[in-house]
Chemist: 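What follows is a single structure, and I will ask about it in a moment.
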Amino acid sequence: MFVFLKYLVRSSFNKKGRSILLILTITISTALLIGCIGAVKSAGSVYKEEAVRAYKDNNVLITSKNTKEFPFFDLDSIQKHEFKSYIPIINASGYLSGADDVNIILTGIMEKDYSKLPNYKLLKGYLEPFNENKIIISDKVSRTFKLNINDTLRANVRGNEHVFKVVAIVETSGPFLKDNEHQFTIIANKDYIQDIWGIGDFYSGIVVQLKDDVDEKKYVQYFNLVNDECSARLVYDTEEIERIAEGMSSFFFFMLFIVIIMSCFIIYSCFKLIVLERMPVVGTFLSLGATRGRILRLLLGESLVYAIISGIMAMFLGAGVIYLLSDMGNDLKEYGIATNPNYNVGDFVGGFIFAILIAVFSAMAPIISIRKKQVKDIILNTIGTIHKNSYILLSIGLIISIISLYVNFQEGNVATNLSPLIFFSFVIGVTISLPLIVNLAITPFKYVFQEVNVLFRLALNNIRTSKVLLNNIRLLTISIVSVMLIASVSLSIVSAFLDVSQKLDYDIIVQQGNDSLRVSSIINNNLYVKEIMESYDYEYAEVVGSQETLNIKAIEPNKYINFNNYFDYTDKEELFLELDKRKSNIALSSSIARKLNKKVGDTLILKLNNREVDYKIIGIYNAKLYNNGDINLISKESIQRDFGIFVPTEYVLKGNSGADKLLNSLEKELKGTMVKIRTKEEIVQENIDNNKAFLLILLFFALATGFLGAIGIFNNIGVSFIQRKKDFAILSSLGMTSFNNGLIVLFEGIITAVLSSIVGGGVSYIAVNISNKLFKLMDIDFPVFFDFKAILIVGVAICVIMITTSLPVILKSSKLSVVKELRYE
Amino acid sequence: MGYINAVEVHNVVKSYNVGFQKIDVLKNISFSVKKGEFLSIMGASGCGKSTLLYLIGGLDQATKGTIILNGKNLNKLKENEQSAMRRREVGFVFQFYNLVPNLTIEENILLPLLIDGKSYRKNKSKLNNILKIIQMEDKKNRYPNELSGGQQQRVAIARALLFEPEIILADEPTGNLDSKTGSEIMRLFKSINKDFNKTIIQVTHSEEAASYGTDILRIKDGEIESKKSNFKTG
Ligand SMILES: Nc1ncnc2c1ncn2[C@@H]1O[C@H](COP(=O)(O)OP(=O)(O)O)[C@@H](O)[C@H]1O
Ligand SMILES: [Mg+2]
């Protein structure tokens, strides 16, 4: 047996190309798995880090509700016996005098509290006594604006200029964490800020560290239940972060699954070849009395060796992928928060085990197949590499894919609910039955080209009969499906955002700042404003008796009807007419209606701002990608009457002389109010940018599958040539020139490219169709349409790949020694 | 056709470099084969018989010397002229048949014609003729691995004959067959030689197979030992 082991080791080293392919395949898929799991776990770590830097040991924030026109509270109204320590704060805002675009957040605290500021570290200056116009600034601001101790800083607050004196420079963390050249925080005595802001002894927030024995989650829940004036939230909410990460990761794992299927397929076909090649030697060893079991175990051992090497490499690569993915997801880099990937030992061990499982399982089938062969056949090596169609298997594949298709095009929820299953059964079914499909497609051409060109005809025949060449079409089909899926989703996302912008009628959106009365009066008096539509957004409205929360948007129906042409309505006029009635009416988006299992005419109890009111559903529309389909309309009047919310979250504006004039004028007038003013173009761009990381990661998957596909094909073309060297030599002996032999290989490449583009194009078209339902299942009514331009590019790319990967073989074929191939067996 | 010799071999040397050593497999060989001759090349295993045959067929190149086939000097032909000659003027039969496994019997037989760019349809009658000669009309749509060795060899012979080449080269055509099938194949060769007046050169180990030919060339250690007419049956 030792001799056989030696033989195995030597032969796997001899076929370097294939060993590298196997190792790369297992490594890449394992590394992506480790990377995805790690990145999803890391998603929260950046926010956790931010929370630590900004708030240190404090775990709860209490803020005055910004739904009131006077968003301040009396400190005595807050129960404090569960607090271990706390800092009451008053926030005001203004802008740097002389600079047009520098906002300043003025935070007031009690004199005794400054040393309690989270991560407080004095670098320069002296604070005692901390009173009057003395301020603390961050090191970053000191450097950016060249402010030193005893320098003065002039700020315009509510139209009046105030002079502050820098007395302390501290490390850029805690409340100063997000200081930058356009906006920064200064901290002064609260009496002074209250005075400037023109309010009495009121506060806008408290930074709280709860006592150690208080459950923070329960505290927040209870606080929000009993307080009308203020709301509490956790500084770092694990569940919230996980929920955000989850939405994205489900798509990643879906893509990962495709990569894994592809890898299994590559490993499977490699081992099929390995087994075929070893057959004569296996035969020899069997005839010398070796048991089959030993040989099977040794071959499985070979796959294990690949798995172990790859598993180790994948751990390193996986660490890199985790870093890369987390870094892409880190949108707090500019605040000096480093990407802090989650390297969990368990995930790496899991990845390693996965590598072993995927390698051993994929190699199992071909290795086990030895078991079924007659010893005589193995010894005499009468098992060919020619494709013998096992029609049963092929037909089963075809039947599976047809059934999948049939179910997919059924009306109703079945197709949606089964869409993941349909997706994979369809793709796998087609992959299995591909030889049959190719045969059906090729046979007519074989006769057409009978008279035209023998090279072409031979090439067609080779593709039809060679396992390896058929596997190329399989590999290409799977690659095309994954690349096209990604291309289509990316294109659909980008065009959905463009679509949203085109179908929403406005010039500028002003997002509320922290001086609502002033903002309202400025907007209402601005000369360039033609139309104002107020919008009141409430993000986590509860539905009594359900776990779901809704995003409520209260609007002015008579205006909104002209503004929003993006939703798909059944009867738009009717819907807004009903919303405009002085009743508690609500219109739901279809994905929410589905989640709540409600239809038009049903009622639900809405809970906002601690008040519960019965609402009647008067309409349902498809909100498509708008806020991921979670947007539910009530009227402005309703939200004020039923829930006491009086401060708009945004103003949607149209200008009377263009967006630019309006923008310029509002930017000037609203300076220092902390509003966010954005034009339509900026919003579209921002949406696309926000999804850039997501699109980039998708691209990453597309590249991984493309890369795996390409190396798989490169290997297969080489192998198919080695297998057929003798056939080519026979052709030469019959008078084929070596140039023509090369042409056959080239034709094979081109036919493969064309066939796979057609089959892959068709399969991916259906896959994209199914993915619509997949998204629906994920509660996103998001129309994914097929990217026809991409399939052309993919088709051309595949031709190029096929031709370039064929070139080395064509060169080899011209150097083929006929005598050598034919003389000896 | 102003020449009487189908094959002329002049001072042919073939050597291989093995490691740092040069091995002369064929050492200055000269002989000629007349048109219509049925020559058997004999000699011990490894003496260079196959090497000589492949050189004659233009599948390999001599280190020194010239080979003239149907009046053409092989050294002076370009690659595609050599290929054309292999298609039209020489038919090859190998010990291990060398059929293309993924083509049917019919397609295998027609292959040289197809490679030459000839029409498939127009050669149907020719194909049927030859299938009759080798008695395989009922198996034309089978694949090689569905046939016995003897049947495969007959297909290979049919393939070599289809173009009606002047010269047929056979490397131990019966070496892999049982003696009964071997005799059948040899009788087939003999009738091809006699009835169609084709020149045949075969390499063989067996005196019995050689007895079907008109002449015998004996090689020993890369040199010609003798070339004699085979009076017994000639
Ligand atoms: N490519 C090669 N390199 C080195 N030696 C070779 C090569 N091909 C054949 N030979 C040697 O040439 C000699 C003659 O081989 P061959 O013509 O096949 O003999 P046979 O008479 O049995 O047909 C043998 O000793 C063989 O080892
Ligand atoms: Mg020989």
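Residue numbering restarts at 1 for every chain, and letters A, B, ... go by the order of the sequence lines. Remember, predicted model here, so these are calculated numbers, not experimental data.
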Chemist: Using the side-chain contact (heavy atoms from CB on, under 4.5 Å) rule, take A/I730 and B/R159 through it: C-alpha gap first, then chi angles, then the decisive distance, then the call.
Modeler: CA-CA 12 Å; A/I730 296 174; B/R159 181 177 67 185; 3.7 Å; yes
Chemist: Check A/S733 against B/F92 and note the closest heavy-atom contact, atom names and distance.
Modeler: O-CD1, 4.2 Å
Chemist: Pick one of side chain, backbone, both or neither for B/F163, based on which atoms fall under 4.5 Å of a heavy atom in chain A.
Modeler: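 Contact with chain A involves no heavy atom of B/F163 at all.
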Chemist: Would you compute the distance between atom OG of B/S83 and atom CG of A/L731 and round it to the nearest 0.5 angstrom?
Modeler: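 Answer rounded to 0.5 Å: 11.0 Å.
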Chemist: Around atom CZ of A/F739, are there more than 12 heavy atoms of other residues, nucleotides or ligands at under 6.0 Å?
Modeler: no
Chemist: Where do A/R457 and B/L114 come nearest, in terms of heavy atoms and distance?
Modeler: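 Closest pair (atom of A/R457, atom of B/L114, distance): NH1-CD1, 4.0 Å.
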Chemist: Please step through side-chain contact (heavy atoms from CB on, under 4.5 Å) for the pair B/Q82 and A/T737, ending with a clear verdict.
Modeler: CA-CA 9 Å; B/Q82 276 204 19; A/T737 59; over 6 Å; no
Chemist: Is any side-chain heavy atom of A/V818 closer than 4.5 Å to one of B/D60?
Modeler: no
Chemist: What heavy-atom pair brings B/P101 and A/D727 nearest, and what distance separates the two atoms?
Modeler: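 Reported closest heavy-atom pair: CD-OD1, 3.5 Å.
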Chemist: If every non-hydrogen atom of A/T465 is compared with every non-hydrogen atom of B/N102, which pair is closest and at what distance?
Modeler: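 Where A/T465 meets B/N102 most closely, the heavy atoms are OG1-ND2, 2.8 Å.
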Chemist: Check the surroundings of atom CD in B/Q61: do more than 12 heavy atoms from other residues, nucleotides or ligands lie under 6.0 Å from it?
Modeler: no
Chemist: Rounded to the nearest 0.5 Å, what separates atom CG in B/L103 from atom CG in A/N462?
Modeler: 7.5 Å
Chemist: Would you find a donor on one side and an acceptor on the other, under 3.5 Å apart, between the side chain of B/R86 and the backbone of A/S732?
Modeler: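 Side chain of B/R86 to backbone of A/S732: a pair is present.
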Chemist: Tell me, for A/N740 versus chain B, whether the close heavy atoms (under 4.5 Å) come from the side chain, the backbone, both or neither.
Modeler: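 For A/N740, there is no contact with chain B at all, as no heavy atom is under 4.5 Å.
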Chemist: Go through B/L111 and A/M736 one step at a time and tell me if the side-chain contact (heavy atoms from CB on, under 4.5 Å) criterion holds.
Modeler: CA-CA 10 Å; B/L111 206 48; A/M736 184 81 88; over 6 Å; no
Chemist: With a 3.5 Å distance limit and no angle check, can you tell me whether B/E79 reaches the backbone of A/S738 through a side-chain donor-acceptor pair?
Modeler: yes
